[in-house]
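Following: one structure in structure tokens, then a few remarks.
Protein chains get the first letters and strands the later ones, always in sequence-line order, with residue 1 at the start of each.
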Amino acid sequence: MTDFLSHLNDAQRKAVEHTEGPVMIIAGAGAGKTRVLTYRIAYLLHQGADPFRIMALTFTNKAAREMKERIMQLIGPAKGRNVWMGTFHSIFARILRVDGHHLGYPENFTIYDTDDSKQLLKKILSELQLDPKVYHPSYLLNRISNAKSNLYSPENYLADQEIVNADHAAGKPLTGELYRTYNARLKRANAMDFDDLLFNTNMLFRDFPDVLHKYQHRFGYILVDEYQDTNFAQYHIIKQIAAAHENLTVVGDDAQSIYAFRGANIQNILNFKKDYPDYHLFRLEQNYRSTKTIVNAANVVIENNKDQIKKKVWTENEEGELITVLKATSDTEESTLVANSIFGLKMSKQLPSKDFAILYRTNAQSRTLEEALRRQGIPYKIYGGVSFYSRREVKDLLAYFRLVINPNDEEALLRVINYPARGIGKTTIEKLQVLANTHKTSIFNLIAENPTALAELNRGTVNKLQEFVTMIRSFIVQLESKSAFELANHITKSVGIVNALKEEDAIESVNRIENIEELLNAIMEFSEREPEPDELGEDGRPARSLGHFMQQVALLTDADKKDEEGGDYVSLMTIHAAKGLEFPYVFIVGLEENLFPSIQSLGTRAELEEERRLFYVALTRAMKKVTISHAETRYRWGSLSLSEPSRFLEEIDPVFIETPRKLAKSSFAEPAKSPLPGRRPMPTSGAESQTSGRDDFQASDTENLETGMQVEHQKFGFGQVVKVEGSGANKKATVHFNGIGQKQLLLKFARLRIIQ
DNA sequence: ACCGTATTCAGCGCG
DNA sequence: TGAATACGGT
């Protein structure tokens, strides 16, 4: 174990062994960035550092979990598990639970998700009779999020003439006021939004130096992964905590910064040398992931960016296969080509589905791909889309839990006060909201503590309200005595949410009930799981109550759900979601102007460069082979649009791209194609043209195909039909091709020529 | 309370 | 285009 540094190359080992002082590690894609961070922590522990004094900040919970597991393997669980490792949000939410009271937040504060924030903004708009079409809630939330990420309070915001003028010019002069109201309402609900977790941590450290000192001494070593994706609020927190000892290590790759649109600031990397003049810089430039072809092609592409730290990523890996470019006439054909190529590669190389990933720029592109894969019978899994935790029924049940933990949580209360229906209608709720505003209190408090204020409601209604409050209180009493699962289960049964779902339409509700069960299962698992040391409650007892579960669930996303073990499927996801992952065979689809690069990115060079970095990230996910596709027409927003090939395609040096000639080993004539006028001819693969129907291969009608017939396939050559099964669209044939072996072909798509 | 229709969203999305 | 939710009419 003392020998574990031998797993590292020279550059990596130097970066690991330099433990003291400010360190910046700039690592190319696939150069073992995470590996270095992991080993660095293991090495610190090995050198006798106290695990409780190490804080490691990652981009996702998943990354934190994986890193922790790896460290425990290297150095043993006893030390490894005590390292403070997590996302900015989860780590600082924990700190705010302990010390937020300085800012007036009780430890049971709720964390509002984006949905809650938008609901709240909508409500504020309707109260102020402002047009939500002018003040679009998601626009407002963006502005507010931006302000908070740059540590602008509502007061700072309103005092900044430039911002106020900009809002005026945009026809939204009340934005600052809405920010102020929104914050006040969050506070009243004892809630923080995601950005508040960072903003309030900064306020805590700014206004309470004792608290800051506590954490400065608490954390002797700070490590930050994906530093290129941190925003100003995060940067500032790190700077504050690290100020005492400056044992700060940041790891990043400016070429992989793809979240500037969300406020991430590459300047944080560039500023590092200003903040810590005596810093040490380590470069990791050897790529272990990809073939030479992929590494070099990606290098050539990224060189087009002006804003970048010069580095030379290289690899000792094999040359590998050239990049294939598939050209399709339409988006559906593109998907079919991709599915066919995957099928072909799977068959010819005998590869499992999980070796493949399809990456796209926008989620909307997943649908046609999904259909094509299904037709080919290739198993797939789509990442992204509607998250489990944002399903209606899951949010409903969680809202009950939230309310039990924090009865002032207004969004939670409004969600469930009349669900399942208990005769508290729209009018009543509106009156309650008005009353709560005039009394400057929460609705729950109003009903529970101030019955006289309800005078204008009729008796029956007041009774129903009080029954609701009584029920919630009966749950609150059990918070401490019951385990998370016991109480969650009790609440679920008491409120009758499953019955309410059963009474809704049958098709949807079955699924919804399953989701409720899945949520309860997750809570059971939580209740039974051995808690991590950092999950101990204030009193040192295991933190297994519903409150503890809810603390972590607010910061979870689908990406954190463990992948099913051994699942064999093609992964479909956006390029953003693919960051940090790797796959042997990667398909990057939709390489078209206005899609990738996105039409919204064409305004400024900085935005275009971010798109290019995105393309760089996509290319460098691949270990063995990249296939790129684009379509000439595509349905977007309901109408057909013509698409030019992406400029990024031209940025790849043609020497890395496979030309059709190389594939053409069959006896068929090369399809005649004329290059686009004024453009370099776009290379296409031979495989592509076979199914695209622009050649002289005459497919036969396979209606009467029978066992024993001799057939010809454009790609697989000549063969004999072994079996015919199914009917209609599902009719498929098993054909034994000479020199290739047996293939199953769905006759709907396979273009076969019957010879005899 | 309920149902059908209108509207909205579709650039990526950590927490 | 298509889904998911919001709205509005009865």
Side-chain angles (χ1 to χ4, degrees), chain A residues 57-64 86-94 111-119 122 126 132-133 136-138 141-142 145 148-149 192-199 201 225-226 228-231 233-234 257-264 331-332 359-368 370-371 383-387 389-392 418 421 423 425-426 503-505 508 551-560 573-580 590 594-603 607 610-611 613-615 617-618 634-641:
Chain A
L57 298 164
T58 60
F59 190 66
T60 62
N61 290 307
K62 192 176 168 197
T87 61
F88 276 88
H89 291 85
S90 66
I91 297 269
F92 296 112
R94 252 155 72 191
I111 299 168
Y112 274 14
D113 65 18
T114 315
D115 216 61
D116 297 318
S117 296
K118 278 187 193 158
Q119 287 306 123
K122 272 188 206 162
S126 87
K133 282 182 186 123
H136 210 283
S138 44
L141 195 58
N142 257 329
S145 171
K148 287 182 178 177
S149 304
M192 297 192 199
D193 66 18
F194 288 133
D195 300 302
D196 282 336
L197 296 174
L198 306 175
F199 183 92
T201 301
D225 196 7
E226 310 278 15
Q228 76 279 0
D229 289 327
T230 53
N231 63 29
Q234 293 167 325
S257 162
I258 53 175
Y259 285 104
F261 74 92
R262 206 167 62 188
D331 48 356
T332 41
L359 308 182
Y360 34 80
R361 180 66 181 78
T362 69
N363 273 310
Q365 291 165 257
S366 66
R367 210 184 68 229
T368 52
E370 193 179 359
E371 285 162 5
Y383 293 79
V386 182
S387 121
Y389 296 100
S390 51
R391 307 263 164 81
R392 174 166 68 82
N418 197 36
K426 209 163 62 180
E503 281 166 23
E504 286 174 20
D505 50 296
E508 196 73 10
Q551 281 184 17
Q552 51 132 47
V553 89
L555 298 170
L556 285 185
T557 61
D558 271 14
D560 302 320
M573 64 185 85
T574 62
I575 300 164
H576 282 90
K579 197 176 87 161
N594 300 337
L595 177 64
F596 192 13
S598 150
I599 192 161
Q600 281 97 336
S601 72
L602 301 178
E607 283 176 308
E610 176 149 322
E611 294 284 308
R613 290 193 297 270
L614 197 55
F615 185 46
V617 167
R634 177 178 299 278
Y635 273 98
R636 298 185 75 186
W637 301 294
S639 58
L640 197 66
S641 61

**OP:** Report the residue (A:Ser390 or A:Ser639) whose heavy-atom-nearest nucleotide on DNA chain C is the more 5′ of the two.
**Re:** A:Ser639
**OP:** Round to a whole Å and report the spacing from CD of A:Gln551 to C1' of B:dG15.
**Re:** 15 Å
**OP:** Can you tell me the distance, in whole Å, between the CG atom of A:Asn142 and the P atom of B:dC9?
**Re:** 13 Å
Original post:
So, is A:Asn363 near the phosphate of B:dG13, with a side-chain N or O under 4.0 Å from OP1 or OP2?
Top reply: yes
**OP:** Classify the nucleic acid contact of A:Glu611 as base, sugar-phosphate or nothing, counting any heavy atom under 4.0 Å across all strands shown.
**Re:** base
**OP:** Starting at atom CG of A:Leu640, determine the distance to atom P of B:dA10, rounded to an integer number of angstrom.
**Re:** 21 Å
**OP:** Please figure out whether A:Asn418 or A:Gln234 has its closest DNA chain B nucleotide nearer the 5' end.
**Re:** A:Asn418
Subject >> Contact summary for A:Ala64 and A:Thr58, nearest pair of heavy atoms >> reply: CB-OG1, 3.4 Å
**OP:** Taking atom types as modelled, find out whether A:Thr362 and A:Gln365 have a side-chain donor-acceptor pair closer than 3.5 angstrom.
**Re:** yes
**OP:** Indicate whether OP1 or OP2 belonging to B:dC14 is found under 4.0 Å from a side-chain N or O atom of A:Asn61.
**Re:** no
Original post:
Are A:Lys426 and B:dA1 close enough that a side-chain N or O sits under 4.0 Å from OP1 or OP2?
Top reply: no
**OP:** Assess the side chains of A:Ser138 and A:His136: does a donor N or O sit below 3.5 Å from an acceptor N or O?
**Re:** yes
Subject >> Lys/Arg N to Asp/Glu carboxylate O, A:Lys148 vs A:Asp193, below 4.0 Å >> reply: yes
Original post:
Any side-chain N or O of A:Thr114 under 4.0 Å from OP1/OP2 of B:dG13?
Top reply: no
Subject >> Distance, rounded to the nearest Å, where A:Phe88 contributes CZ and B:dC14 contributes C1' >> reply: 11 Å
Subject >> Closest to the A:Lys122 side chain, choosing from C:dA6, B:dG15, B:dG11 >> reply: C:dA6
Subject >> Proximity to the side chain of A:Ala577 - top-ranked nucleotide from B:dG13, C:dT1, B:dG11 >> reply: B:dG13
Subject >> A:Arg367 side chain near C:dG2 phosphate (N/O to OP1/OP2, under 4.0 Å) >> reply: yes
Subject >> Rounded distance in Å - CG (A:Asp229) to C1' (B:dG13) >> reply: 11 Å
Original post:
Of all the choices, B:dG11, B:dG15, B:dG13, which nucleotide is nearest to the side chain of A:Asp195 once you look at every atom?
Top reply: B:dG15
**OP:** Ignoring backbone atoms, test whether A:His136 places a side-chain nitrogen or oxygen under 4.0 Å from the OP1 or OP2 oxygen of B:dT8.
**Re:** no
**OP:** Round to the nearest Å and state the distance from A:Asp115 atom CG to B:dC9 atom P.
**Re:** 14 Å
Original post:
Is A:Glu370 paired with A:Arg367 through a side-chain N to carboxylate O contact shorter than 4.0 Å?
Top reply: no
Original post:
In whole Å, what is the span from the CG atom of A:Leu555 to the P atom of B:dG13?
Top reply: 19 Å
Original post:
Of the nucleotides C:dA6, B:dG11, B:dG13, which has the atom closest to the A:Arg262 side chain?
Top reply: B:dG13
Original post:
Mapping A:Arg392 and A:Glu371 onto DNA chain C by nearest heavy atom, which one lands closer to the 5' end?
Top reply: A:Glu371
Subject >> Whole-Å distance separating the NE2 atom of A:His576 from the C1' atom of B:dG13 >> reply: 8 Å
**OP:** Measure the distance between the ring centre of A:Phe59 and the centre of the six-membered base ring of B:dC14, then answer whether it is under 5.5 Å with planes under 30°.
**Re:** no
Original post:
B:dG15, B:dG11, C:dT1: which one has an atom nearest the side-chain heavy atoms of A:Thr87?
Top reply: B:dG15
Original post:
Is a side-chain donor-acceptor pair under 3.5 Å present for A:Ser117 with A:Thr114?
Top reply: no
